[in-house]
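In what follows, a single structure is set out as structure tokens and then discussed.
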Amino acid sequence: MASTFETVAGIIADTCDIERDTITPDSHAINDLGIDSLDFLDVAFAIDKAFGIKMPLEQWTQEVNDGKVSSDEYFVIKNLCANIDKLVAAKAG
Amino acid sequence: MRLEYFQMVDRLTALDPEARLVRADCRVPDESPVFEGHFPGHPILPGVLMIETMAQTGGWLVLATLRFASMPFLTQVREAKMRAFVVPGQALEAEARLVHDGSGYAVVEATLASAGKKVAEAEIRYRVVPFPNETLRAQMLENARRIGVPEEFFDA
């Protein structure tokens with residue numbers, strides 16, 4: 001079974017037409033990979049489907065906009081994957 | 001349909017957020033300035049208005065699902081096909097199914113049919129955001145009542 005990172009990187013590569021090799025765990029989806037908000041909705045849809053979850057994008061965006069957390073927390077790929085794993089675990093639990 | 005006002009849906013015939021389904025009747029007007037240009041001597045409903053009709057139908061489902069707490073705005077149309085001409089006076093049945101209710105976005109699959117035959121289809125995606133002002137929300141509620149959205153969906 002593919003790791004969360006492999007699945008997410010594959011989704012980003014396919015959805016945003018980004019070379020798979022340029023996507024690393026430390027890549028920031030927006031600042032490094034240049035994914036805009038509309039494309040990120042496509043990524044979110046594909047992730048939601050692939051993992052059977054509903055990523056709380058509105059909440060995450062609000063927290064970043066309010067300055068409560070750095071965007072790194074949700075948009076650096078390894079952190080995004082960790083949050084996906086939490087959502088999957090919460091759903092299973 | 002009142003094409004000039006972008007009121008594409010005449011009446012909802014089914015609205016079931018639990019089943020993620022909406023259906024609507026939409027009758028193409030006999031006359032409209034739209035048909036004077038599209039096309040002279042061969043009036044047909046523009047494909048973009050067929051898409052708009054499907055988008056609005058799916059939009060009502062999203063609004064009802066969210067109980068009018070937020071507003072869906074069209075962001076993407078995928079795999080759109082216009083399979084047949086639609087002419088003035090033609091009765092259409094629109095149907096949309098909610099494929100995914102995401103956080104801040106929604107995805108529907110919609111069709112447009114006439115006399116049981118599919119004339120258009122598309123996957124439609126929306127960005128779902130708070131109403132930008134009370135004027136729009138009030139107008140959407142008024143439109144919702146006009147097309148028969150039950151009051152139980154207005155409790156946001």
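Everything numeric in this text was worked out from a predicted model, so none of it was measured. Both backbone and side-chain heavy atoms feed into the values below; hydrogens, waters and symmetry mates do not. Proteins come first, then strands; the chains are lettered A, B, ... in the order of their sequence lines, and each starts at number 1.
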Connected via hydrophobic side-chain network under 4.5 Å: A:Phe45 and A:Val8: yes
Neighbour count >12 (heavy atoms, 6.0 Å) for atom CD, B:Glu31: no
hydrophobic_cluster_shared for B:Val107 and B:Met71, side chain cutoff 4.5 Å: no
Shared hydrophobic cluster for A:Leu41 and B:Val128 (ILVMFWY, side-chain gaps under 4.5 Å): no
B:Leu92-B:Leu3 co-clustered via ILVMFWY side chain contacts under 4.5 Å: yes
Over 12 foreign heavy atoms within 6.0 Å of CZ, B:Phe73: yes
Check chain B and chain A for donor-acceptor pairs under 3.5 Å and report each one on its own line.
from	atom 1	to	atom 2	distance (Å)
B:Gln76	NE2	A:Asp42	OD1	2.5
B:Gln76	NE2	A:Asp42	OD2	3.0
B:His100	NE2	A:Asp48	OD2	2.8
B:Asp101	O	A:Lys54	NZ	3.3
B:Ser103	OG	A:Leu57	N	3.0
B:Ser103	OG	A:Glu58	N	2.9
B:Ser103	OG	A:Glu58	OE1	3.3
B:Gly104	N	A:Glu58	OE1	3.3
B:Tyr105	OH	A:Ala44	O	3.4
B:Tyr105	OH	A:Phe45	N	3.2
B:Tyr105	OH	A:Asp48	OD2	2.7
B:Arg125	NH1	A:Asp42	OD1	2.6
B:Arg127	NH2	A:Ser37	OG	3.3

Contacting moiety of B:Val99, where chain A heavy atoms sit under 4.5 Å: side chain
